[in-house]
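Predicted, not measured: the structure shown is a model, and the values here were computed from it. In what follows, every chain begins at residue 1, and chains take the letters A, B, ... in the order their sequences are listed.
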2 protein chains.
Amino acid sequence: MLSFAEENYLKAIYHLSEQSGDSVSTNAIAEILNTKAASVTDMIKRLSGKGILSYQKYKGVNVSESGRKAALQVIRKHRLWETFLVEKLKFNWDEVHDVAEQLEHIKSPLLIKRMDEFLGYPKYDPHGDPIPDEHGEFKAKPQVAISECEVNRSGIVVSVKDDSPEFLRYLDKIGAYLGAKVKVLDKVDFDGSMEIQIDNKKIVFISREVSENIWIAD
Amino acid sequence: MLSFAEENYLKAIYHLSEQSGDSVSTNAIAEILNTKAASVTDMIKRLSGKGILSYQKYKGVNVSESGRKAALQVIRKHRLWETFLVEKLKFNWDEVHDVAEQLEHIKSPLLIKRMDEFLGYPKYDPHGDPIPDEHGEFKAKPQVAISECEVNRSGIVVSVKDDSPEFLRYLDKIGAYLGAKVKVLDKVDFDGSMEIQIDNKKIVFISREVSENIWIAD
DNA sequence: AAATATTTTTAGATTAATCTAAAAATGGTA
DNA sequence: TACCATTTTTAGATTAATCTAAAAATATTT
């Protein structure tokens, strides 16, 4: 049985190794978890000892098969809780993270089984991320750039392809956060610019360049 | 902000001091929490330092006003979660305790506010115990143990003082659910056992130990 | 390849929460 | 009151999780 801290490390390392495809460095983990490299070294030794990670000094870590399974169960719980908070308790998408971060560590297989049932076996969480099933199986949602969408198509912002500070500042300004609901209101064939509505409120015009960099899913 | 362990001590001490009316002894706390007296001494020093308990060496502890408030908020969360588990997730009442014991420590005022709303502001949990409101106010139902009842007295099961899974399973078996109507048919002075009728149907014999743990109200 | 910079690990501390064993205080009774 | 049993506290360890500072290994750059 993993502790809260162990589960948090495992989850972070799993996400990092999915992103990079390669083994994960001590510093990368320390940065994500807001902790120090020395603490990470201690923890990855412990998790290696439990067979959850494989690790060689100075060479970074990889998630083992049993680690992958355990990580997916934590992710499953996290995303089910987020779904519950948004769908049943009317949380906004930006209010759920910290609470789900706590709830994901609750140990009760029955609770998760019943919650899944209660929510109608959702396949995706409010951010459009897939919810692994009890065996760890999941399928990512097909994503599409806003530039490729028809008028009236709506979806949730799930990815941003440009991460320059300028672009992120611009997204911040128009409110097109990850998880925001976006609807295409109009499309200008001439230059590919678009009129979109964000979170059922603000209406903004975005250039083709911007619309190619914001990706949405249902 | 209190840790999980601190909240568990506080809750146990609050319950003990409600029962006895008096200050609570180190040994009593150790027994309830399945820990050692030395550990209790350490913890009550810590909680005294935080102003949650008042404590003099060798004299036992009392819960301060701020401690009482904090304890009632933990109890509020526990009972709201139990209500949620039974009403929404179809848990049996013998399955809720361990999970609620974990969930009660989740820190999120918004979560509790929304959960309360979602459940329709319940005043009593599935065991008949009152749920304190956000200010710690609550009102107990006047209750009496079946063991104290005269022959022919009848009432509704409103509370169960032992919440071990074994006991709750037994109650399930004889049909003595919360809300069940119970009537005392006969009393054996010799050993305190009783013959009772449940929901105007089944007639069962219960031991003194059982009759002391089932409480009814009119 | 040597020097320098960066990353990672080790060594040694700290805090929370627990324990065992021993010492101290309290309370009841002969 | 003095003794004895019980309760409570202290002293000293242990484990998990963290830190800082220094040492060791790896990577980069001249």
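- Rounded to whole Å, atom P of C/dT7 lies 10 Å from atom CD of A/Glu31.
- The nearest whole Å value for the distance from the CG atom in A/Asn34 to the P atom in D/dT18 is 12 Å.
- Atoms NZ (B/Lys36) and C1' (D/dT9) sit 16 Å apart, rounded to a whole Å.
- Taking 4.0 Å as the cut-off between side-chain N and carboxylate O, A/Asp98 and B/Lys107 do not count as a salt-bridged pair.
- Taking 4.0 angstrom as the limit, B/Ser25 places none of its side-chain polar atoms (N or O) nearer than this to OP1 or OP2 of D/dT7.
- For the pair B/Asn27 and D/dT8, the criterion of a side-chain N or O lying under 4.0 Å from OP1 or OP2 is met.
- In terms of phosphate contacts, A/Thr35 brings a side-chain nitrogen or oxygen within less than 4.0 Å of OP1 or OP2 of D/dC19.
- Taking only side-chain nitrogens and oxygens, A/Tyr9 comes nearer than 4.0 Å to OP1 or OP2 of D/dT18.
- Listed nucleotides: C/dA11, D/dT18, D/dT9. Nearest to the side chain of B/Thr41: D/dT9.
- B/Tyr55 comes within 4.0 angstrom of the backbone, heavy atoms only, and of no base.
- Using a 4.5 Å heavy-atom threshold, the side chains of B/Ile131 and B/Tyr124 count as separate.
- Between B/Val210 and B/Asp162, every side-chain heavy-atom pair lies at or beyond the 4.5 Å cut-off.
- When the C1' atom of C/dA16 is taken as reference, atom CG of B/Asn8 falls 14 Å away, rounded to whole Å.
- Summarising the geometry, the separation between CG on A/Leu47 and P on D/dT18 is reported as 11 Å, rounded to the nearest angstrom.
- One finds a side-chain N or O of A/Lys57 lying less than 4.0 angstrom from the OP1 or OP2 phosphate oxygen of C/dT10.
- Across all strands shown, B/Lys45 has heavy atoms under 4.0 Å from sugar-phosphate atoms exclusively, and none from any base.
- Residue contacts for A/Ser39: at a heavy-atom cut-off of 4.0 Å it reaches a base atom on one of the strands shown.
- The residue A/Ala38 sits close to a base: some heavy atom pair falls under 4.0 Å.
- Using a 4.0 Å heavy-atom distance criterion, B/Ala5 is classed as a sugar-phosphate-only contact.
- A salt bridge links B/Glu212 and B/Arg208; the closest N-O separation between the charged side-chain nitrogens and carboxylate oxygens is under 4.0 Å.
- Between A/Glu6 atom CD and D/dT18 atom C1' there is a gap of 14 Å when expressed in whole angstrom units.
- A heavy-atom distance below 4.5 Å is not found between the side chains of A/Asp129 and A/Glu82.
- Rounded to whole angstrom, the span from the NZ atom of A/Lys50 across to the P atom of D/dT15 amounts to 14 Å.
- The side chain of B/Met43 has C/dT18 as its nearest neighbour among C/dT18, C/dC19, D/dT20.
- Separating the OH atom of A/Tyr58 from the P atom of C/dT9 is a distance of 6 Å, rounded to the nearest angstrom.
- The pair A/Arg76-A/Glu137 does not meet the salt-bridge criterion, since no charged nitrogen lies less than 4.0 angstrom from a carboxylate oxygen.
- Take the nearest nucleotide of DNA chain D for A/Asp42 and for B/Gln56: the residue whose nucleotide is more 5' is B/Gln56.
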